[in-house]
Structure formats: C-alpha cells, structure tokens
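Here is the structure we will look at, set down as structure tokens.
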2 protein chains.
Amino acid sequence: MARAARRKATIYDIATAAEASASTVSLVLNGTWARYRIKEDTAHRITEAAKTLGYNVNLTARGLRLSRSGLAGMILPHYRNRFFADLAEAFESEARQRGLCPIVVSTQREEAVEATVTRTLLAQRVEFLFITGVPNPEPLDRLCASATVPCVNIDLPGPGAPSVVSDNRAGARHLTNIMMEKVLRRGGSLEAFLYLGGVAGEYATDTRVAGFVDALRTKDIEPGPQSLALSGYPPGNARDALASYYDRHGRLPSGLFINSIAAFEGAIEFASRLPAAELEEFVACCFDWDPFAACLPFDVTMLRQDVETMMERAFDALKPEPQEDRPLVLVPAVLAGRKAAEL
Amino acid sequence: MARAARRKATIYDIATAAEASASTVSLVLNGTWARYRIKEDTAHRITEAAKTLGYNVNLTARGLRLSRSGLAGMILPHYRNRFFADLAEAFESEARQRGLCPIVVSTQREEAVEATVTRTLLAQRVEFLFITGVPNPEPLDRLCASATVPCVNIDLPGPGAPSVVSDNRAGARHLTNIMMEKVLRRGGSLEAFLYLGGVAGEYATDTRVAGFVDALRTKDIEPGPQSLALSGYPPGNARDALASYYDRHGRLPSGLFINSIAAFEGAIEFASRLPAAELEEFVACCFDWDPFAACLPFDVTMLRQDVETMMERAFDALKPEPQEDRPLVLVPAVLAGRKAAEL
DNA sequence: CGCGTTTGCTAAATAGATTTAGCTGTAAAA
DNA sequence: TTTTACAGCTAAATCTATTTAGCAAACGCG
C-alpha cells in the first residue's frame, strides 16, 4: 500500500521486468509475436510481467503512432426520447463491434454547441463522425471535410455528405391512412385532421407533411394551412397550438398527426386535462414511438423509426467506394407498440 | 481541389509556412506567447498560417505529451429513460464546462460489457470515471484504482469509491405518505399496498422499500412479503407480477409503489388493458419521472431524482482532499410533473 | 570596452507506443 | 557458389505537441 499512486505501467516497465526490449513486448502484447517468431518462453515471461504490473495499453500513444484513434464520434440533440436514445445505443453497439470506442455527445440543438463539439471531436481525431438531428449539417460536413474525416448525416440530410433518413413520406402516408380508416369506421369526418409539431422548411417535417397530404388527397381532401400547426420542437409550443385549435373549433381534431415525440409531450399535456369522453372521440398517430405514450387513454398509432437499420446503412456509407449513386438512403419505419398489434 | 485528401496540417507545417520553429508555433497557438515575449508580428504570421492551413490541434499528441487526455468517462446501463438520459446530459454539460470531452458509454446492464468498457475507457486514459447504475461496482472500482484513475459510483453505491445516490429512503417515505393520504381521503384501505419492481438485495431497492415500510408503520401497518413484488428490471416481469397480484386479489392494489420507470413500463402494459373504472380506484407512485407516464389516466405521483445536483456532488467527490468523512452523498429527490403541481 | 540584462526565438528532450531494418549464423534452394 | 530463408531478438525511427534550457543579438550602464 506504501506507494500506491505511482505511474501507470508502460511497455518499458514490462521490458525491464521480463528482461526483453520494448519492441518485443509490443509484438507479444499485440499477438503478432507468432509472425515475428518470438520464443514461446519469452512471450510467456512478457505476458506474465504485464499481468503482474497490471498493464493496460495507452491508446493515446498507440493512436499517435498509428494515426488511428480508435474513436467513433456521433453528435445528437439529446437523449430524452426513444428515437435518439435507441440511435445512440445502436451506434455504440455497432462501434464496439468494430473495435472502436464510441463517443456520443449531445448538443441540445444549439448551433454553437454543434460547432464546438464537432471541432473537439475532430481534434480528438475520431475516425468518422455521424451527425444526427442537425437541421443544417452543411457547415459541420465542411468541418469534417477539411479535416478529411468521413461523416454521415442522419435523420436530417444534407448535400455535404451521404445521408441516412427514415422514409418519412411513406411512413406518414401509412399513418394517415390508418387514421382515416379508423375515423371512417367511426363515422367521423376526414375534414378535421390536424398535423401538429415540426418545423416548416425542415426536411423531416416537410416530407412527413407531404405523406400526410398524399394520403388525404386519395380521399379528395386538400388540407389547407389551417390543418398544419408546425409549432416547432418545444413541447410547450405544441400544447399551445393544440389548445388554440381546440378553442377555435370547440373540439379536438378527428385525426391528429403528431410530427414527433417532442410535440406529443405538449399535445398530451393539453389533452390529459380534457374529460375522458372527449379523448374517446379522436384518433391520433405519431411519427415516433414511446412505451408510455402508446398506453394513453385514446387511440394512438405509433411508428418506430428503424434505428438499427439506419445505423447499419450509416456504417455502410462509410465504406471505401463512395456510393455516389445513392447519397440519400431511405429506411422504412415500422409500426410499434400496443396499438400496432391490433391492426 | 487537386490533392484534397492530404494529411492533416501539423505545427510543423505551420512552422514551415510561417518561417518559424515548431516550438514557437506551439507557444503562439497556446496563447502563452506573451509570457515568452514573442513578437506580435511573428505571432500574427503564425496564426494566419494556421488559419490558412485549416489547422486543428491533435489532442492525441497533446494528451500523450501532457499525460492528460482531456477525456471524462461515464458508464451507465442505457439511455432509455429520463433518469439516465438526464444524468448523461448533466454529465456532458458539467464535463464541457471543465474543458473536458465527455465519453458516455452504455453497458446494457451486462457485467462483461461493464468490465470491457471500463478497461477501454481506462486505456483511453479518461481522467476519471463515473460508474452509474452498476449493482456491484467494486470490481470496476478496483480496475480504476489499479490504473490510478479516480472514480465515483452513482445511483448504486459501493465501498470501493465515493458514492452519490438519491435519498431513496426519504423519497420513498414521502411518496408513500402521499399515497396513504390520498387513499384515506377516498376512504380506501391502507392494507392493500403493493411495492412493485426492483431487485431484492440491491441498494436502491432496499432503501426504497425501507422508506415504503417506514411510512406504513406510522399507520401501524406492517407490510409482509406479499406486499413486495421485487420483480427485477425487465418490464415484462413487472407486468406479470402485477397481473398475478390482480388474479389473486381480484383487483388492483389500493396503493401501488413502483420502484422505477422500467417497472412502470410493465405495470402500465397490464393496467392499460383494464376498464377505465378500475384505474380510477387506485393510486400509484413511482420513484422516477416520465412526462408521458405522468399523464396516464389514473392518479400517479412521480418523483424526479435531482440529477443535476447528483452530478455536482459527483464532481465534488473528485476534488483533491478525499472527503473521507462522507463517502456516501445523499441527494434529495423532488416531486415532478403534472400531479406534483396538484399537491 | 566590458559586463550584465533583455529580447526573440529555437534545438532537443519528452510522452508511450508501433514497425522496419538489421544483427549473426546456419541450412536449404537456386 | 550464390541467394534466400530463418532463428529470435533489438535499435532506431516515427507519430505530434509541449516545455525547458539556452543561444545570439541588441541594449544599458559606468
């Protein structure tokens, strides 16, 4: 216990202990010793010494020598919903399978943070960077390009790098179709549909709205601007937008398309204050999944984005041959949760 | 555009471009040049060259030289609930404020993963490691100790390192008191309380159960083993445990104490299949918060663990003087969400 | 002029690993 | 006979940034 807080052991310490050179230690510890025909006895002495000294390789030194950090970077807005949480975990799992150490950093959707975090990750020499949920990834793509670090845009695409996104349009169409069917079966009106949340001009929102409109048009309904409440990300905005709709119409929409889970938080904040009877009269859907949201006391259909496949595609996009022919990869989303089973 | 994919610029490239030595470049780029009386003109030439070459410091090289990686490590089970998600974000924010790059890695509650991830982070030379949600952190604490890397146990404590946890007992007592009051006001029975979820023998569960028991005893009720369904973490287990209680008693418990959000997921899976009337007859609480869970169609009180304060305390525990006098820091949890406002 | 100080900068050591070239001698292949 | 392969290992170069010791020129002062 005497001098417990001494320096960490290095290959030089092992070399001394095992009476060999540092190079030999390196070769042995890297398992390349067979190729370099080092005597089994020597190898054994070295591994023993390493164990005794509690040796742990210094990846900083290795990284410097090899110009490979062994780090895989990803930035995302936050972890507070299942989409990003699952995305982060899928990323970690894929990175680890490839022998890389994942670094995931959240940026709270702040442009300044996005830029500084990207710069830091590039300075840490991450071997590539996944950029998730950034409305305009182009400046970040440029930063990566100037550092010659490959990157992929996820969820929100950009022209500066290969991009992987959910098939928003098809998914939204599907969700809307399901809502329409349900409303028709109840004898409700398709005219009173509302799209809630998201940001106009942003790829994900625009493509989902397009799918929503696609579906309604098949029933000869042309949703006007009053059917679109693109209130942004903050839950409070969605709550207020829904409250305002309720005030204007004296009731909830017959079909509510919720852009994403953040808007859902706001919607439910308002809706849960209404009498139970009113909730039974409407149908909702959300382009995201959450286990609790799926159990709320009204009819809600949720779509789960296929984050595992998205991650696989993102790693594919890193491969040597740049797939110039398909810089934008669409991944279908899947129905999820309790209500999905009933369909 | 000719030779775009060349090597990244180093201080040597800048030295060549600015006709100075690498040392001067380093001094200038680190802002220490005033102290080393380097001419303003030289400094200017160097910063210009750095900008032109798109220089970005190599933190791997710096880390090797300084024996400081600038990395802050944390492991946690997953990101899929607000507790861990918020913890991760609080950690990132605190780490960044200290000029460190946060590395958070999830371990899926698998011991093997916990060990290998810890080893990897130590090899990356993180400056310290926060160990979160690990039932038995001791082996990991030992790994850190043998690498002379400070660590802190969070959420689940251990004797091997300073620990920071929520004040589970006081929080559980508080929640139970609230439930008892509500049940009494409704004229219900305090005998039919159930504690659901958690793992017997695990610190968090045991201390929460203790608080639950504390509160009931003040009303002269001694909860027996039939009042404790410590079904573990998987939501499915909690669902089945609650279903089994329902089968045996023909109704839900009058007061349901849910150990954590994971068990809540299972509970709601079962409960949401019951008729609405049954849900109105019972009261629940949970030692965790979730925005959707708080809006479910029955009376639920949620406690939010104060992750921001927990993180502050964890960083405090890193300070030079080891606070041997209080190796276990208790952080009070706070009532949260919609129902909290009604109290 | 001589001695000491200040200015402005650089050479060299250092951090901990990886990898290539090479040491010396023998035996097999060309 | 010459070349090559092999044995088992090590010295030395390399990766990039930091930091200290110290050099040369200019300057000050009596």
Side-chain angles (χ1 to χ4, degrees), chain A residues 6-46 49-50 53-71 122-125 127 147-148, chain B residues 6-47 49-50 53-71 120 122-125 127 147-148:
Chain A
R6 77 280 150 203
R7 238 173 70 279
K8 284 156 205 159
T10 71
I11 52 169
Y12 299 96
D13 301 325
I14 298 177
T16 308
E19 296 181 309
S21 78
S23 343
T24 310
V25 173
S26 173
L27 294 175
V28 169
L29 262 28
N30 285 302
T32 23
W33 63 279
R35 198 161 65 68
Y36 277 88
R37 11 158 245 256
I38 285 161
K39 252 200 295 191
E40 187 133 9
D41 170 59
T42 312
H44 188 251
R45 259 172 24 239
I46 289 175
L53 296 174
Y55 176 76
N56 191 215
V57 66
N58 185 331
L59 292 179
T60 307
R62 176 184 287 173
L64 181 59
R65 180 62 240 265
L66 298 183
S67 321
R68 282 197 305 101
S69 63
L71 301 173
L122 292 176
Q124 293 286 359
R125 293 300 188 262
E127 300 189 10
T148 65
Chain B
R6 78 280 149 200
R7 238 175 69 278
K8 284 157 203 156
T10 70
I11 54 169
Y12 299 96
D13 301 325
I14 298 176
T16 308
E19 295 182 311
S21 77
S23 348
T24 310
V25 173
S26 175
L27 295 175
V28 168
L29 261 28
N30 285 300
T32 24
W33 61 280
R35 198 161 66 69
Y36 277 87
R37 359 158 260 247
I38 284 160
K39 255 201 294 190
E40 187 135 7
D41 171 58
T42 312
H44 188 252
R45 256 170 29 235
I46 288 175
T47 47
L53 296 174
Y55 176 76
N56 191 212
V57 67
N58 184 331
L59 292 178
T60 306
R62 174 183 288 171
L64 179 60
R65 181 65 242 265
L66 299 183
S67 319
R68 281 198 304 101
S69 63
L71 301 174
T120 305
L122 292 176
Q124 292 286 356
R125 293 298 188 265
E127 300 189 10
T148 67

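Just so it is clear: chains get the letters A, B, ... in the order the sequence lines come, proteins before strands, and each one is counted from 1.
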Review point. Quick one: B:Arg65 CZ to C:dA17 C1', roughly how many Å, whole number?
Key: 16 Å
Check your understanding: For the side chain of B:Ser26 and the backbone of B:Ala22, is there at least one donor-acceptor N/O pair under 3.5 Å apart?
Key -> no
Exercise for review: Look at the side chain of B:Lys39 and decide which nucleotide, out of C:dG8, C:dA17, D:dT10, has an atom nearest to it.
Suggested key: C:dG8
Point to revise | OH-CG distance between A:Tyr55 and A:Leu53, expressed to the nearest 0.5 angstrom | key: 10.5 Å
Exercise for review: For the pair B:Asp13 and B:Thr10, evaluate side-chain contact (heavy atoms from CB on, under 4.5 Å) and give the outcome as yes or no after the intermediate values.
Suggested key: CA-CA 5 Å; B:Asp13 301 325; B:Thr10 70; 3.5 Å; yes
Check your understanding: Looking at D:dT19, C:dC9, D:dT18, which one has an atom nearest to any side-chain atom of B:Thr24?
Key -> C:dC9
**Study point:** B:Arg45 or B:Arg125, whichever maps to the more 5' nucleotide of DNA chain C
**Key:** B:Arg45
Review point. Ignoring hydrogens and angles, are the base of C:dA11 and the side chain of B:Ser23 linked by a donor-acceptor pair under 3.5 Å?
Key: yes
Review point. What is the nucleic acid contact for A:Thr42, judged by heavy atoms within less than 4.0 Å: base, sugar-phosphate only, or nothing?
Key: sugar-phosphate
**Study point:** Residue A:Asn58, side-chain heavy atoms: nucleotide from C:dA17, D:dA17, C:dA12 that is nearest
**Key:** C:dA17
Practice item. Report the distance from atom CD of B:Glu19 to atom P of C:dG8, rounded to the nearest whole Å. Key: 19 Å
Practice item. Specify the separation, in whole Å, of atom CG of A:Leu29 and atom P of C:dT19. Key: 13 Å
Review point. So do the side chains of B:Val28 and B:Ile14 get within less than 4.5 Å of each other, counting heavy atoms only?
Key: no
Review point. For the side chain of A:Tyr12, counting heavy atoms from C-beta on, which of C:dG16, D:dT19, D:dT16 is nearest?
Key: C:dG16
Point to revise | Which residue lies more 5' along DNA chain C, comparing B:Leu66 with B:Ser21 via nearest heavy atoms | key: B:Ser21
Check your understanding: Taking atom C1' of D:dT16 as reference, at what distance in whole Å does atom CG of B:Leu53 sit?
Key -> 15 Å
